[in-house]
2 protein chains.
Amino acid sequence: MGIAERKEREKEDMRKLILNAARKLFLEQGYEKTSIRGIADAIEYSPATIYLYYKDKNELLFALHEDAFLKMMQELGQVRSIHDPFARLLEMGHQYIKYAIENPELYDLMFIMKAPMEALACREEIWEDGLKAFGFLKEVITECVNAGYFKNKNIEISALTIWSYMHGLVSIYLKNRMTMFQDGQELQGMQQSFVLFTSMLRESL
Amino acid sequence: MGIAERKEREKEDMRKLILNAARKLFLEQGYEKTSIRGIADAIEYSPATIYLYYKDKNELLFALHEDAFLKMMQELGQVRSIHDPFARLLEMGHQYIKYAIENPELYDLMFIMKAPMEALACREEIWEDGLKAFGFLKEVITECVNAGYFKNKNIEISALTIWSYMHGLVSIYLKNRMTMFQDGQELQGMQQSFVLFTSMLRESL
DNA sequence: CAAATATACTGAACAGTGTTTAGTGAGCAA
DNA sequence: TTGCTCACTAAACACTGTTCAGTATATTTG
């Protein structure tokens, strides 16, 4: 009686088909300009079919949300090879900026858009992704404290403070508010600010 | 020949009528859920009429963008009465957080939404508002440097660094990403982070 | 004052959106 | 082979921003 299993597999394949098309269009043309009809066209199904596999557009967004965190964790995870915890923290910062700049739509989805947070799954599931990433930051900070780099012992608050700075910096850039620099100087300005911030961390956190 | 003047006045009145209705609805129900038709209903005119006074929805948004900066500058301007520049900077931080929390839709419009930046007026005009506010921050920082509080002499970078932190902190809160705290503890967490950041500033910027 | 014109406004349409529902048709179970 | 389940879709609903032809009123001109 392998029919049920095959149907289950086909259902999962269809979900993937939809999600892959959604991701492709989403990354190509941004969230706002990606319509259910567009996704349906891409996979050569009717728009109504999509609703048999995903409750609504927000749920589709939520699925991509998970993807985005997975990808970021994969890239940030590379820093594990760096022994010194403070050097690792710095490299995490660089990778964070790199990820945000290279994946502006994903970054938006992860940390700025309200839509995925409104998917009803948000009771617990959606927090997990963000909390896991935040936990990784806390781990590194804890090691920094243990190694004597930071004097502040409230890891939660230290992590929020560092993340706030990083998120603010890349948000200002991604949302085109870095008008204090002339065109082309934004990245250099970010770099200088990052150096300043890390020197503050080194000296007094 | 006061007819032309009267017509000019009436035209200006109509622009205000539209903008006031737009602001009201916008603040009541957010940008996304405010439609041109809704605004038209509120002022008892046809939707097409609005297009005789504003080019499109983005231009309407842009007009509110100016308002929002005016309001923020008014509230931040109160700190001028504080003599000590570092104390003034701290109070500016408090006021910034207060403004963001009390006016989440306006904050979004000012620093997060891409739409108003796409109004064609953005060549120069739209930058002015933001740059003026950034200039105010730079002034205070310059005074801090002159008073011997900060050692870093690159005001532009110092200002970007401080703003980045502030913007990140309130953005994380406004966009419901402060899930590391349990409900009701977010404001307290922000406060603690702000204290930590300012102590970092005091010791080493 | 009457005719011509300029202006303010609108109804209706266009092209799109997310979403729902009634119904079709192919594959499976009896 | 019949009956039924279930994947799928066409069409509709209720919206959205925006445009345009046409109307009705106010103003200017002859």
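First the proteins, then the strands, lettered A, B, ... as listed; each starts at 1. Scope of the values below: all heavy atoms of this structure, side chains included, with no hydrogens, waters or symmetry mates. For clarity, every value in this text was computed on a predicted model and none was experimentally measured.
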- Query: Tell me: OH of Tyr45(B) to C1' of dT10(C), nearest whole Å?
  - Reply: 12 Å
- Interatomic distance, Glu32(B) CD vs dT16(D) P [rounded to whole Å]: 13 Å
- Note on the structure: Here the distance between atom P of dT21(C) and atom CG of Leu52(A), to the nearest Å, is 13 Å
- Please tell me which of the listed nucleotides, dG11(C), dT19(C), dT16(D), lies nearest to the side chain of Ser35(B)? dT16(D)
- Closest of dC8(D), dT16(D), dA8(C) to the Arg37(B) side chain is dT16(D)
- Task: Send over the distance from Arg15(A) CZ to dA7(D) C1', rounded to a whole Å.
- Result: 16 Å
- Message: In this structure, is the centre-to-centre distance between the rings of Tyr165(A) and Trp163(B) below 6.0 Å?
- Response: no
- Task: For Ile36(A) and dT9(D), give me the distance from atom CD1 to atom P, rounded to whole Å.
- Result: 14 Å
- Note on the structure: From CD of Glu44(B) across to C1' of dC9(C) the rounded distance in Å is 15 Å
- Are side-chain N/O atoms of Tyr96(A) and Tyr107(A) paired as donor and acceptor at under 3.5 Å? yes
- Message: What is the distance, to the nearest angstrom, from the OH atom on Tyr54(B) to the C1' atom on dG17(D)?
- Response: 17 Å
- Message: Within the 4.0 Å heavy-atom criterion, would you say Lys33(A) contacts the bases, only the backbone, or no part of the nucleic acid?
- Response: nothing
- Ile39(B) has an atom CD1; how far is it from atom P of dT18(D), in whole Å? 10 Å
- Query: What distance do Asp129(A) atom CG and Leu70(A) atom CG have between them, rounded to the nearest 0.5 Å?
  - Reply: 8.0 Å
- Query: CD of Glu44(A): more than 12 outside heavy atoms within 6.0 angstrom?
  - Reply: no
- Query: Of all the choices, dT18(D), dA8(C), dT9(D), which nucleotide is nearest to the side chain of Thr49(A) once you look at every atom?
  - Reply: dT9(D)
- Message: For a quick check of understanding: with a heavy-atom distance under 4.0 Å over all strands, which category does Tyr53(B) fall into, base, sugar-phosphate or nothing?
- Response: sugar-phosphate
- Message: Need to verify one output field. Residue with the more 5' nearest nucleotide on DNA chain C, Ser46(B) or Ala48(A)?
- Response: Ser46(B)
- Query: Within a radius of less than 6.0 Å around CD of Gln182(B), do more than 12 heavy atoms belonging to other residues, nucleotides or ligands occur?
  - Reply: no
- Task: Could you tell me whether the phosphate oxygens of dT18(D), OP1 or OP2, come under 4.0 Å of any side-chain nitrogen or oxygen in Lys55(B)?
- Result: no
